[in-house]
Amino acid sequence: MIDLSTLNPEQRQVVETIEGPLLVLAGAGTGKTKAITMRMAYMISMGVPPESIAAMTFTNKAAREMVARLEALVGVKVASKVRLGTFHSFCLHILREFGDRIGLHRKFSLAGTGDQIDLLRRALQEENGLAGVHVEALHAEISKAKNSLLRPADFGRRAMHAAIGVDPELMVKAYELYERQLKLNRMIDFDDCIFKTVFLLQDFPDVKETLEKRFRFYMIDEFQDTNAAQMKVLELLCVGHNNICAVGDDDQSIYSWRGAMFETLERFEKMFDGTKLIKLEQNYRCTTVILNAANTVIKNNTKRKEKSLWGSNPGDWPIEVTTSPSDTEESRAIADKCMSLLGEGFRPADIAVLYRANNQARAIEMCLRESDIAYETFGGSSFFEKKEVKDFLGYVRLLARPDDRLAFHRVINTPNRGIGLKSLEKIEEGTKRKQASPWFVAKNNAGELGLSGKSLESLNRFVADVEELKTWSLATPEDLTSIGHEIIKRFELARDIRDHVKETSSQERKIEALKSLPQWLAGAARDVLKAKDGLDIHDLLDRLTLNDRDFSDRDEEGRPNRVSLMTIHASKGLEFPAVFVCGLEEDLFPHKNSASTSQGIMEERRLFYVAVTRAKKRLMLSWAAERGSGVMKTSRMPSRFLSELPAGCMTANANQANTVARIEERQEKTVSVLQSLRANLKAKSGMSLR
């Protein structure tokens with residue numbers, strides 16, 4: 001029997017409620033992960049077959065943490081029988097098994113973010129009227145459509161074209177062309193994992209019935225992040241037996257731009273009759289000062305489920321609010337305060353600096369460097385979007401799936417082997433004539449393509465090398481290490497870096513990173529083997545592509561002892577003893593794009609609530625009276641969220657008292673300089689200047 005003595009009364013109630021629909025309203029830092037993993041362990045101890053449980057999270061990091069906790073409670077072997085992973089990976093598993101019913105190729109690939117943009121760009125080239133359309137904006141609109149379960153015809157009727165200024169008929173055409181590109185390349189995108197699962201379940205009742213019998217108990221973490229398509233999957237799979245536990249917090253719903261709806265908790269209760277509601281309000285993370293601030297601010301939002309965090313963590317440090325004359329001085333004040341915290345005994349890894357937008361990081365980085373404080377940034381460009389990583393994985397994908405068109409086009413001339421655009425166009429013409437993949441044509445019909453002697457020789461050598469490596473085993477992590485090193489050596493990927501990167505230090509850094517990729521790939525394979533008896537290279541590639549979705553996919557263990565810099569979105573699910581939230585100004589936080597609607601302001605307030613509740617002991621808030629540089633400087637006003645904080649919990653930094661005086665001093669100096677310049681010009685020209 002599982003020991004429940006460490007749980008508080010509400011957590012224990014969650015664990016012991018097994019049958020029927022259960023909605024857990026879990027505030028920040030209230031131990032929800034502990035409660036739901038112990039609930040799974042308790043269910044298993046009560047005789048529920050582990051293979052009948054499906055648990056879904058929204059990041060791979062959260063899934064790994066949950067797996068580790070469950071393994072500690074029931075053992076690795078039993079825990080491995082639970083279907084536990086991200087929502088996308090759960091649906092991808094369904095499509096791998098039943099996708100042929102809706103026309104998916106048995107070995108379809110999952111397109112990463114960069115691949116999706118490339119495919120859409122290629123699709124737009126097929127339609128003259130779409131020339132010049134902002135590809136990223138169009139991709140975002142198609143993603144929203146899929147998350148709303150809209151097929152191309154519905155897409156045009158919903159007038160999403162207004163967002164990017166494109167005629168609705170052309171929008172429909174773009175969506176259709178993009179879908180054709182995906183099908184041609186035997187690919188699906190991230191949104192298809194959910195989108196296509198919905199239509200599979202709707203159109204094939206026998207598949208739905210099979211899954212209803214297989215999985216009898218569902219647990220959904222971070223339920224407030226669920227979009228319409230995900231809600232539909234749950235409705236189709238769970239309404240029959242109603243054994244579903246959703247854990248979420250509408251006060252932390254911050255992903256509306258991904259299609260998430262803060263009202264999902266209310267919709268859950270309407271979808272599943274007889275829902276039992278349990279609130280987790282005892283916070284184990286923050287001091288009472290921070291909790292008071294968080295509760296006070298979030299109560300300004302309407303249409304939320306009422307709850308109030310409470311706790312008994314020691315420490316009565318006030319929240320520090322700092323006003324600086326400029327964003328540069330704001331960053332310098334943050335660096336100075338970091339030095340002070342380090343002097344108090346905090347480690348660099350105990351400190352996080354959070355901001356609304358990534359472009360705020362630069363000034364902070366410069367000031368931390370000047371102070372010789374080690375730091376690390378998160379939430380910028382994806383590891384999987386680095387050229388050397390995409391090239392390396394392109395070769396692995398081609399070896400595993402020779403029909404992968406994107407992998408073929410990525411590596412065929414990487415490094416440069418003389419197979420240029422004209423040669424690629426001839427290969428593409430061959431694929432249309434033969435109705436086959438580029439790899440098939442290159443392997444079997446190269447002599448019929450009309451390539452020049454040098455191009456044909458290079459193509460044949462490339463095909464021979466790939467054919468030889470295809471005979472190598474990909475069954476173990478050690479196999480992947482060996483073939484990874486061989487890919488780097490045989491295809492001269494280090495030379496490609498030298499050809500494209502001019503700066504010596506950048507060259508060396510990228511080449512070192514390249515050399516580490518085989519071990520990294522083998523490590524990812526070992527993670528797969530922890531949950532499965534054998535290694536499936538296709539499953540591994542799917543997992544690596546899904547990792548590209550995570551905002552905070554990082555491991556705490558082994559993390560360098562450095563100050564963390566990240567967006568507030570990237571900080572969700574994390575906690576730090578000391579937290580800075582900077583740039584608290586109108587038009588930045590709340591962001592100007594959200595300030596025009598009450599819904600937008602409420603989401604920005606929820607984002608502020610998330611930022612505040614990342615702090616365990618010390619919370620520092622700051623804003624700048626001016627932001628920008630040179631002629632681009634703009635005057636700023638403090639964020640409305642600062643005025644919503646309870647006055648008794650704050651203390652003003654000394655920097656604030658001097659701000660107005662320093663601004664006036666700078667203005668006086670500017671006037672003095674202008675007057676001097678005016679006098680000099682007048683003296684030289686002898687003219688009266690007005």
Side-chain angles (χ1 to χ4, degrees), residues 10 14 21-30 32 58 87 144 147-149 158 220-232 234-235 244-283 286 290-310 356 568-569 571-573 584 586-587 589-614 639-646:
E10 291 75 24
V14 169
L22 172 63
L23 179 59
V24 181
L25 188 62
T30 55
K32 68 176 177 67
F58 280 79
F87 213 116
K144 288 179 184 176
N147 287 330
S148 300
L149 297 176
R158 283 288 291 269
I220 317 299
D221 189 20
E222 301 289 1
F223 191 75
Q224 76 280 348
D225 295 336
T226 309
N227 60 38
Q230 291 162 336
M231 287 283 285
K232 190 63 180 179
L234 294 174
E235 181 183 9
I244 178 171
C245 170
V247 183
D249 180 7
D250 51 350
D251 290 335
Q252 296 187 72
S253 180
I254 58 174
Y255 294 120
S256 64
W257 45 276
R258 277 185 173 181
M261 306 168 290
F262 76 95
E263 313 99 316
T264 49
L265 302 185
E266 186 174 327
R267 294 187 183 190
F268 180 93
E269 293 178 289
K270 293 178 180 178
M271 185 179 295
F272 299 100
D273 291 335
T275 293
K276 181 177 182 178
L277 176 65
I278 300 174
K279 296 181 181 181
L280 300 183
E281 298 173 288
Q282 185 175 354
N283 177 281
C286 312
I290 293 172
L291 292 180
N292 182 31
N295 288 329
T296 303
V297 170
I298 202 61
K299 284 179 180 177
N300 288 286
N301 274 4
T302 59
K303 298 180 182 179
R304 57 181 289 269
K305 287 189 172 295
E306 185 60 37
K307 71 174 188 311
S308 185
L309 299 180
W310 62 276
R356 180 64 179 82
I568 301 167
H569 283 97
S571 74
K572 185 132 182 301
L584 277 161
E586 290 293 305
D587 291 340
F589 196 11
H591 198 277
K592 60 183 179 182
N593 293 345
S594 302
S596 60
T597 66
S598 60
Q599 294 288 355
I601 288 296
M602 285 195 287
E603 175 146 340
E604 291 289 299
R605 188 176 284 111
R606 292 194 293 270
L607 192 60
F608 181 61
Y609 174 84
V610 167
V612 167
T613 54
R614 297 313 94 194
S639 169
R640 68 193 72 185
F641 301 146
L642 290 173
S643 65
E644 294 175 358
L645 291 165

Taking only residues two or more places apart in sequence, or in another chain, which ones meet Phe223 in a ring pair (Phe, Tyr, Trp, His ring centres under 6.0 Å)?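 Phe268.
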
For [X], give me all partners under side-chain hydrogen bond (donor to acceptor under 3.5 Å, both in side chains), at least two apart in sequence or on another chain.
| X | value |
| --- | --- |
| Arg605 | Asn301, Glu644 |
| Lys279 | none |
| Lys592 | none |
| Lys276 | Thr17 |

Taking atom [atom1] of [X] and atom [atom2] of [Y], what is their separation to the nearest 0.5 Å?
| X | Y | atom1 | atom2 | value |
| --- | --- | --- | --- | --- |
| Leu309 | Asn292 | CG | CG | 11.0 Å |
| Leu642 | Phe589 | CG | CZ | 10.0 Å |
| Leu23 | Ile220 | CG | CD1 | 12.0 Å |
| Asn295 | Asn283 | CG | CG | 9.0 Å |
| Leu265 | Lys270 | CG | NZ | 12.5 Å |
| Asp225 | Ser253 | CG | OG | 6.0 Å |

Evaluate the criterion side chain to side chain contact (heavy atoms under 4.5 Å, CB included) for residue pair Leu584 and Phe608; output intermediate values, then yes/no. CA-CA 9 Å; Leu584 277 161; Phe608 181 61; 3.8 Å; yes

Holding to salt bridge (charged side-chain N to carboxylate O under 4.0 Å, His left out), I want the full list of residues that pass it with [X], two or more places apart in sequence or in another chain.
| X | result |
| --- | --- |
| Glu281 | none |
| Asp221 | Lys32 |
| Lys305 | Glu269 |
| Arg614 | none |

Under the side-chain contact (heavy atoms from CB on, under 4.5 Å) test, residues paired with Glu10 that sit two or more places apart: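 Applying side-chain contact (heavy atoms from CB on, under 4.5 Å) to Glu10 gives Asn8, Ile278, Leu280.
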
Those residues that, when tested against Ala293, pass side-chain contact (heavy atoms from CB on, under 4.5 Å) (two or more places apart):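 Ala293 satisfies side-chain contact (heavy atoms from CB on, under 4.5 Å) with Ile319, Leu645, Pro646, Cys649 only.
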
I'd like to know if Asp250 pairs up with Lys303 as an ion pair, taking the criterion as any Lys NZ or Arg NE/NH1/NH2 lying under 4.0 Å from an Asp or Glu carboxylate oxygen.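 Looking at Asp250 and Lys303, the cut-off is not met.
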
Test Asp249 against every option in Lys307, Arg304, Arg606, Gln224 by the side chain to side chain donor-acceptor pair (under 3.5 Å) rule and name the one that passes.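 Per the side chain to side chain donor-acceptor pair (under 3.5 Å) rule, the option paired with Asp249 is Lys307, out of Lys307, Arg304, Arg606, Gln224.
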
Evaluate the ring planes of Phe58 and Phe87, with Trp represented by its six-membered ring, and classify them as parallel (under 30°), tilted (30 to 60°) or perpendicular (over 60°).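 Rings of Phe58 and Phe87: tilted, 30 to 60°.
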
Distance-minimising heavy-atom pair for Cys245 and Val24: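 Result for this residue pair: SG-CG2, 4.1 Å.
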
Shortest non-hydrogen contact from Ser571 to Val610?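 What the structure gives for the nearest pair is OG-CG1, 4.4 Å.
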
Where do Ile601 and Arg640 land on the side chain to side chain contact (heavy atoms under 4.5 Å, CB included) test, with the steps shown first? CA-CA 10 Å; Ile601 288 296; Arg640 68 193 72 185; 3.5 Å; yes

His569 (side chain) donor-acceptor with Ile254 (main chain) under 3.5 angstrom: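 It does hold such a pair.
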
